[in-house]
Amino acid sequence: MANTRFAWEDNIRKVVPYTPGEQPKKNNIIKLNTNENPYPPAPGVVDVIKNFDCDSLRKYPDPTVGNLVHAIAEVYDVKDEEVFVGVGSDDVLAMAFMTCFNSDKPILFPDITYSFYDVWAELLRIPYETQALDENFHIIPEDYMKENGGVIFPNPNAPTGVLMSLENIEKIIAANRDVVVIVDEAYIDFGGESARGLINKYDNLLVVQTFSKSRSMAGMRIGFILGNEKIIKYINDVKYSFNSYTMNRVAIESGVASVTDTGYFNECVNKVIKTREWTKERLKERGFIFEDSKSNFIFAKSDKISGEKLFEELKKRDIYVRHFSKPERINDYLRISIGTDAEMKKFVETLDCILENN
Ligand code: PMP
């Protein structure tokens, strides 16, 4: 069957899909491979789900996602018209690509970055050009100051965890007033300074965030964009031309409960940061090499064992981390998400055991 070639295949849109991190079916593993938060969502989210009025599911949800848009606008001190909400940041990023990257000139993003960007560009037939990170995995701002059809990068970058200063981000936005610049802040809450304060100064800026990491809601799928109301309107026009009801009722209600609980949010984020700093020290003691990370993961390589081998040895012992075989420059690195203190302690003990026997 796989080798049969059908006549209609020439007319198919063929794409090489993004490969998400593994979601093993096994219980009792230590899962440090997809940058999930090890702590539960806010207590209010649990209440919403426990008490949810299931009869309401007969009816379509609010296509404008009004309650959640409003709650996000209040928390981040912007107007409702400056917020777009979607099914995780993957969804809002895809909508932003479709809406904003509509030029014959190439969009620019780093060569080592979130590996969905080139997938969307290929899918949507957007020309793109990648810009190499410097030898320490830092973005070189000047590389984004040439003629282009748009700019996107994560801050902190993924999978490196490296943060760019707000000053450099502003330079990139200011040098690109004729295109849209998207700053993907999936990991910003773990120690970076958000660019969202710049949306009133720069009408060409979109800041994208997610509930998946700092708000422990990867399974609920909520992401949002903050930006000038004119671009948000354009993005909504595309959304309503594609699928009006992207956010389900449970997601809308539980999203409100999550975003309004600032105390719980700060508590969880601070716990992750503390554990990350502890883990950095333990990795340094063991000769690991890494750039400083301001995210909820560390991108590190051992001076004693290859990335692939260490990945396999950890997996054998039920510890899952992420290994990227391409590009070659990063194939000795592992991206290690930050778990609970107990999980990271077990991870370090397991590392010692592996390093002793190799
Ligand atoms: N941006 C970056 C940089 C990411 O690493 C991820 C997580 N895979 C996302 C966006 C998407 O996250 P989500 O769709 O869960 O919000």
Side-chain angles (χ1 to χ4, degrees), residues 17-23 31-38 41 45 65 68 72 83-98 101 107 109-121 123 130 133 137 139 151-164 169 181-192 194-196 206-226 235 239 243 246-248 251 254-255 258-259 265 272 276 293-299 320-324 330 333-338:
Y18 169 75
T19 317
E22 211 177 331
Q23 295 293 347
K31 193 170 177 309
L32 310 175
N33 69 333
T34 50
N35 299 339
E36 289 142 338
N37 196 309
V45 172
V65 199
L68 184 50
I72 292 171
V83 181
F84 175 84
V85 173
V87 191
S89 48
D90 282 342
D91 178 51
V92 301
L93 283 165
M95 287 292 143
F97 266 59
M98 218 187 291
F101 296 160
I107 61 163
F109 51 83
D111 62 340
I112 297 167
T113 195
Y114 187 31
S115 45
F116 225 135
Y117 299 159
D118 57 343
V119 174
W120 286 314
L123 172 68
T130 59
L133 298 181
F137 291 145
I139 288 175
V151 172
I152 176 156
F153 53 86
N155 194 47
N157 195 9
T160 62
V162 172
L163 184 78
M164 198 190 324
I169 289 182
V181 176
I182 305 177
V183 185
D184 175 355
E185 295 190 337
Y187 304 102
I188 197 72
D189 295 325
F190 300 103
S194 173
R196 65 174 172 263
L206 292 180
V207 172
V208 173
Q209 293 195 3
T210 176
F211 282 39
S212 298
K213 321 292 179 182
S214 52
R215 296 188 182 276
S216 309
M217 290 181 78
M220 190 56 82
R221 313 304 300 129
I222 304 173
F224 62 95
I225 306 179
L226 306 178
I235 297 172
K239 172 197 137 165
N243 175 6
T246 51
M247 304 301 292
N248 69 66
S254 60
S258 169
V259 78
F265 164 79
V272 171
R276 177 188 71 204
S293 166
K294 292 286 184 207
S295 60
N296 67 339
F297 56 84
I298 300 170
F299 192 58
Y320 287 69
V321 295
R322 189 95 191 249
H323 175 249
F324 300 90
I330 61 168
Y333 282 79
L334 295 180
R335 193 193 66 188
I336 305 148
S337 308
I338 302 300

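Whatever order the structure lists ligands and atoms in, that order sets their numbers, starting from 1. This is a predicted model, so every value here is computed, not measured. Heavy atoms only: backbone and side chains are in, while hydrogens, waters and symmetry mates are out.
- Inspection of the T34 and K31 side chains reveals an N or O donor paired with an N or O acceptor under 3.5 Å.
- Per-residue contacts place R221 under 4.0 angstrom from the following atoms of ligand 1 (heavy atoms of the residue considered): 13 (P), 14 (O), 15 (O).
- No side-chain donor-acceptor contact under 3.5 Å links D90 and Y18.
- Proximity to T210 (heavy-atom distance under 4.0 Å) selects the following atoms of ligand 1: 13 (P), 16 (O).
- Counting atoms of ligand 1 from 1 in the listed order, those under 4.0 Å from a heavy atom of G88 are 14 (O), 16 (O).
- Of all the heavy atoms of D184, the ones lying under 4.0 Å from any atom of ligand 1 belong exclusively to the side chain.
- Ranking protein heavy atoms by distance to atom 11 (C) of ligand 1, first place goes to D90 OD1, 3.1 Å.
- Using modelled atom types, one finds a donor on one side chain and an acceptor on the other under 3.5 Å when comparing N35 with Y187.
- Within ligand 1, counting atoms from 1 as listed, the ones closer than 4.0 Å to a heavy atom of K213 are 7 (C), 8 (N).
- One option in A218, S89, G86 has a heavy atom closer to atom 13 (P) of ligand 1 than any other, and that option is S89.
- A 4.5 Å side-chain heavy-atom check between I152 and V208 finds every atom pair outside the cut-off.
- Within the structure, the closest approach of F211 to ligand 1 does not fall below 4.0 Å when heavy atoms are considered.
- Panel note: side chain R276, backbone I298; no donor-acceptor pair is recorded below 3.5 Å.
- A ring-centre distance under 6.0 Å is not found for F97 and F116.
- Listed by number with element, the atoms of ligand 1 under 4.0 Å from a non-hydrogen atom of A186 are 1 (N), 2 (C).
- When only non-hydrogen protein atoms are considered, atom 15 (O) of ligand 1 lies nearest to S212 OG, 2.6 Å.
- Relative ring orientation between Y114 and W120 is described as perpendicular, the plane-to-plane angle rising above 60° on a 0-90° scale split at 30° and 60°.
- Closest heavy-atom approach to atom 5 (O) of ligand 1 among the candidates Y187, Y18, Y114, F116: Y187.
- Side-chain atoms of D111 come within 3.5 Å of backbone atoms of L133 as a donor-acceptor pair (strictly under, hydrogens ignored).
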